[in-house]
Number of protein chains: 2
Amino acid sequence: MASIEEEIKQQKKFDNEHQKAAVNLMFTSNWLYNSNASRLKKHDITPEQFNVLRILRGSYPKPLMLGEITCRMLDKSSNATRLVEKLRQKGYVEREQCETNRRQVDIVITEKGLSLLTKIDNEAEEWNNSIKTITKAEAQELNRILDKLRR
Amino acid sequence: MASIEEEIKQQKKFDNEHQKAAVNLMFTSNWLYNSNASRLKKHDITPEQFNVLRILRGSYPKPLMLGEITCRMLDKSSNATRLVEKLRQKGYVEREQCETNRRQVDIVITEKGLSLLTKIDNEAEEWNNSIKTITKAEAQELNRILDKLRR
DNA sequence: ACGAAATAGTTGTATACACAACTATTGCAG
DNA sequence: CTGCAATAGTTGTGTATACAACTATTTCGT
């Protein structure tokens, strides 16, 4: 088992438990992100692109405009225009100018996109296990503390 | 108060508490990172560069070779060569080829770098409060769960 | 002593985030 | 109706991560 101090080879003790939690949080998030990135890599898709596809599946068959995608993303300041363009080039989404409001661009996931998500879902076993080292009760407690932290 | 579902405007319920915790973790980490980035911005330094400087202060006055910096960093796959070069251009660190092993490059923080860290420490009040919405006991529990999660 | 393997670091290319400036379209006050 | 503000999206520049190929140096087996 590796404590956060061991992971980053900390020489000195942390000032306090809060500082340590902040570092631990970011370190663990990176760890999780990298684990996710590596399982998606064989499908030639990044976690950010995957996230956008899942958002679009959530709304399917209704399209979403770019702004709606942005506000559902984990990282709000990411650039939906460019992410969507990457997905379009791969054939996973389609873009169309909205007829009633020509400023808007409507995005919809394609059949190909949906079937990619299905394939990834089906092999998610390994990924799911990587976070099942904690119990359901611990996951709930984690969610509670994280929600409180952001207040 | 904003639950993770509200933050990302989730349409459907999460499959389970573990999935939700994984998303919550990454979302909260981004939130924390952005909060950190914005306080450092007025000093024209990024969180990654700041992290490298603190690592070097931890070892001061002993220099560290690039590889030692890398393995202490939060994100191991980041590129210490390029980060250190940015810091060198700003005058916060010095690089020198190691005499006993010419493959190595020794890095040491400068007086200017140390005084920058001191200045940032002195105005860290606001940042510290941002994670004090949780109690010390909750911070400890968070640390315990995160360490367990990575096993 | 020689050459292969290991070690330390550098560099190139693709992806994504951060921020700001920019275009195009729509809505609204007067 | 006109023009200004608000909205929706695009694009440019700088920073950092991901991964792999590369150079230089040292170590070690024979």
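Residue numbers begin at 1 in each chain, while the letters A, B, ... track the order of the sequences.
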Enumerate all atom pairs, one protein N or O and one N or O from nucleotides 1-8 of chain D, separated by less than 3.5 Å.
| unit_1 | atom_1 | unit_2 | atom_2 | d |
| --- | --- | --- | --- | --- |
| D:dT7 | O2 | A:Arg103 | NH1 | 3.0 |

(request) Give a yes or no on whether a salt bridge exists between B:Glu85 and B:Arg82, defined as a side-chain N under 4.0 angstrom from a carboxylate O. (result) no
(message) Quick check on the hydrophobic clustering: are A:Val52 and A:Met65 connected, directly or via other members, by side-chain heavy-atom contacts under 4.5 Å?
(response) no
(message) I'd like to know if A:Arg39 and A:Glu123 make a salt bridge, using a cut-off of under 4.0 Å between side-chain N and carboxylate O.
(response) no
(message) In whole Å, I'd like the distance from the CE atom of A:Met26 to the C1' atom of D:dT17.
(response) 16 Å
(request) Find the distance B:Leu83:CG to C:dG9:P and express it as a whole number of Å. (result) 14 Å
(message) So, using salt bridge (charged side-chain N to carboxylate O under 4.0 Å, His left out) as the criterion, who are the partners of B:Asp44 when residues are at least two apart?
(response) none
(request) Verify the contact: side-chain N or O of B:Thr81 to OP1 or OP2 of C:dT10, cut-off strictly under 4.0 Å; return yes or no. (result) yes
(request) Please report, rounded to the nearest Å, how far the P atom of C:dT26 is from the CD atom of A:Glu99. (result) 12 Å
(message) Please compare A:Asp106 and A:Lys41 by the position of their nearest nucleotide in DNA chain D and report the one closer to 5'.
(response) A:Asp106
(message) When you compare the side chain of B:Val108 with that of B:Val93, does any pair of heavy atoms fall below 4.5 Å?
(response) no
(message) If I take atom CG in residue A:Asn36 and atom P in nucleotide C:dA16, what distance separates them, rounded to the nearest angstrom?
(response) 13 Å
(request) Figure out the CG/C1' separation between B:Asn34 and D:dA16, and round it to whole Å. (result) 14 Å
(message) On the nucleotide D:dA16, are OP1 or OP2 found under 4.0 Å from the side-chain N or O atoms that B:Gln49 carries?
(response) yes
(request) For C:dA14, take OP1 and OP2 only and decide whether either is under 4.0 Å from a side-chain N or O of A:Lys86. (result) no
(message) On DNA chain C, does the nearest nucleotide to B:Ala37 precede the nearest nucleotide to A:Thr100 from the 5' side, or the other way round? Give the residue.
(response) B:Ala37
(request) Please confirm whether any donor atom in the side chain of A:Arg95 sits under 3.5 Å from an acceptor in the base of D:dG9, or the reverse. (result) no
(message) Just so I know, are the side chains of A:Ile109 and A:Leu117 near enough to count as touching, which here means a heavy-atom distance under 4.5 Å?
(response) yes
(message) Is there a path of hydrophobic side-chain contacts, each under 4.5 Å between heavy atoms, that joins B:Tyr92 and B:Leu114?
(response) yes
(request) Return the value, rounded to whole Å, for the distance between atom NZ of B:Lys42 and atom P of C:dC19. (result) 12 Å
(request) Starting from C1' on C:dG9, measure out to CD1 on B:Ile69 and report it in whole angstrom. (result) 12 Å
(request) Hey, could you give me the NZ/CD1 distance between A:Lys20 and A:Ile4, rounded to the nearest 0.5 Å? (result) 9.0 Å
(request) Report yes if a side-chain nitrogen or oxygen of B:Thr46 is closer than 4.0 Å to either non-bridging phosphate oxygen (OP1 or OP2) of D:dA16; otherwise report no. (result) yes
(request) Ignoring backbone atoms, establish whether A:Arg102 has a side-chain N or O less than 4.0 Å from OP1 or OP2 of C:dA24. (result) no
(message) Does B:Asn79 contact C:dT10 through a side-chain donor or acceptor facing the base, at a distance under 3.5 Å?
(response) no
(request) Starting at atom CG of B:Asn30, determine the distance to atom C1' of D:dT17, rounded to an integer number of angstrom. (result) 14 Å
(message) Here's a test of your reading of the structure: between A:Gln97 and B:Arg82, which maps to the more 5' nucleotide of DNA chain C?
(response) B:Arg82
